[in-house]
Amino acid sequence: MNIKNLVLSFLVLAVFNGCYTKLGSIEQPGEQLKNSDTLVDTAGSRAQVDTVIYKEKEICIWERDFTGMPRLRCFPSYYNRDWYFYSSSPWWFRNSSDWYDYKRCPRYYYYDPYCGCCKYSRVYPYNHHRGGIGGANHGSDVSNGIPNRSRSVGNVGSSGLHQGGTTLPKSSQNNTNTTDGNTSNNSGGPKRNRDVGQMGGSRVIQTNQVEGGMQKKVETVQEPRKPVVVEQPIRPLRTDSSVVAPRTMPKRNSRW
Amino acid sequence: MKRLLLIAILVVVSSDAQDNVRFIYDNGFGARAFSMANNYVALSNDLSAVYWNPAALSFSLAREFQVSFDVSSLNGDSYFSTDQQSSRMNRLKISNAGLMYSFPATQGGLTIAFAYSNPVVFDDISKINVAFKIYPTDVDLDKSFRTSGGLKYLSGGLGIQVAPKIGIGATMSFVYGREDMESTVHWIESQGNLFFDSTEVYGIKGKYTGYDLRLGAFYKDRLVSAGLRFTFPQFARVTEDDNDKTRISDSYNKPLEYEISEKYRAKMYSSYSGAGGISLTLPFLTISAEGRAVFPFSFVFPSEEIPKSSQAGYFKVGGGLGMEFPVPKMPVLVRAGYSIDEIDLHRFVFKYGKNKIAWGDDDFNIDKNRHQISAGVVFFSSSMSLDISYGYSMWEISKNFKYGYNYDGNIKQDYSLHKIMTSLAIRF
């Protein structure tokens, strides 16, 4: 057996195919989003609503699809959800404000361990960090990059994405992008929403009595809790192109 | 003259012409694998992939710190003639510890890992205390043998996904270790008022430094995953210091004592080995099956002529099954496994100086291959897991024992190993 050839083949295979793996980088917490308003739900723990459609024997976890986008995968299982989170979710999803606590906070809220509460950001970072992991450098294809945490509030696919807060400014590009993303969601429907969207959708309709336009919904939202502006959310990952003698031997079996 | 003759007899009894066979067993890596009887090549999803299948690292997109401890008790029951003796060796040690880091990736996965482990164990025990008659002489024989030690690995591994669902990986290890062996033989012959009494205490202290290289390939789908591992021959330089203390007395002469110490240098080799497995993940069960093989040494030393009677010239195979069950509504998994592996009389071969490698099996017979059953439980949260595993394994060997033309007996040795291993893993 020619070891050199085997090792060489292995290395060649790795070199020529290794480019399949595309590395990214992480923006550490503290780097702030510009043009974003961040809100906190002063209701504290009351914000930790969980309307996840949690069917018995079914698990939903965040994974990545083939393009690296986050994908909420639901499937029947007797395994505890934490096990999938422990063994399957990439660790950098945990650092992402938008992916980590989908089971604790509504969409557009993220869980802040410092205050132990869900905080709100009307900016949906994945729409603004081009090339970010899971996100979106897709323009109108934003829907692919939007993780559907909306199991708590609002329809993932509907334009009710801002109702987690109060009446919001409509002028920022962020909103536009987000809206596009949700519109796309609504029409295209990434498969990962299959459960979340249904629940969220029904809520939106109940709350706003609207399924249509974004503006109308924003204006008509009546939120029982009044969030206040506090700080910027943690930013998610961003793609980075850089990759990285007498006896000649002892009497071994002398026991016998 | 008679004394010389007796010394010659003693040497014949207490040593062997080949002295090449050692009984070495694998300790594995990590409690999770251990709870599934080490059928883990197709299921590795933690730091232990650095040992079982480095390619599986590419699918472990985690930052993990893991440390494992194990407590083991090796029991040896020796049978010779009408005698049965039991001996035991207990151990408590850090089985492995290490870090795994996966680089953030938008697609695929790239993970590196560094680990300390001690996957190869030299522990062996045997004890004989028997009286028999070689007409017209009465013989009392009291022998004990004990060796401990093993090989430790400092490993660096890398796994990378090279295509959707497919990863490859490699682990390079610096291998070091030690061995501490001591054998005591007390032989008494008596015939009326005449007697011959000898005691020999023989010890070896060995040190090992070498390397280990293993490659892996891994396929992972939602329900099915498959893994391959290929291990290149390990190589280690060995230095051994032996010490032989002998005391002889008989009914005619004053006691004679002598002591000999020698230093030896050798090269230690293993053969190619590999494993392949497949696992299936169902909503209520994960099951993993694995096959293993150690290649004949003719692949490593093509120019050597290995006798057909030697086990070193044949494939040694093994395999097993591991299962994992979730406990509904609780963050708990239960695991169990079974493995059977052919006892390898030549796990390593040694080349001392310019001597040729001794390929003989030293008249050993394998009466029962190694069976292992194990079970374990893991408690986990979203960022931490605690594995507790227990395993029981057993194997039996024997050797024909001849004393001149007068005695032809069989020494039989039954081994059993109880081991508890626990691993704590933190993902952050």
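Chain naming here is simple, since letters A, B, ... match the order of the sequence lines and numbering starts at 1 in each.
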- Hey, are B:Thr281 and A:Tyr79 close enough side-chain-wise for a donor-acceptor pair under 3.5 Å? no
- Message: Can you tell me how far apart OH (A:Tyr84) and OG (B:Ser382) are? Round to the nearest 0.5 Å.
- Response: 15.5 Å
- Which class fits the ring pair B:Tyr101 and A:Trp91: parallel under 30°, tilted 30 to 60°, perpendicular over 60°? tilted
- Message: For B:Glu324, which atoms come within 4.5 Å of any heavy atom of chain A: side chain, backbone, both, or neither?
- Response: both
- Message: To the nearest 0.5 Å, what is the distance between CZ on B:Arg32 and OG on A:Ser87?
- Response: 8.0 Å
- Greatest number of heavy atom pairs closer than 4.5 Å to chain A - which of B:Pro331, B:Pro328, B:Ser102, B:Ser78: B:Ser102
- Are any non-hydrogen side-chain atoms of A:Tyr78 and B:Val327 less than 4.5 angstrom apart? no
- Task: Go through the steps to decide whether B:Phe380 and A:Asn80 satisfy the test side chain to side chain contact (heavy atoms under 4.5 Å, CB included), and finish with yes or no.
- Result: CA-CA 9 Å; B:Phe380 59 88; A:Asn80 189 288; 3.6 Å; yes
- Query: Given a strict heavy-atom distance threshold of 4.5 Å, which part of B:Ala425 is in contact with chain A: side chain, backbone, both, or neither?
  - Reply: both
- Just wondering, more than 12 heavy atoms not from B:Lys205 lying within 6.0 Å of its NZ? no
- Message: Counting C-beta onward and ignoring hydrogens, is there a side-chain heavy-atom pair between B:Ser385 and A:Tyr86 closer than 4.5 Å?
- Response: yes
- Item | Part of B:Ile166 lying under 4.5 Å from any heavy atom of chain A | neither
- Item | Segment of B:Ser60 engaging chain A (4.5 angstrom heavy-atom cut-off) | neither
- Task: Check whether any side-chain heavy atom of B:Phe103 lies under 4.5 Å from a side-chain heavy atom of A:Thr21, and answer yes or no.
- Result: no
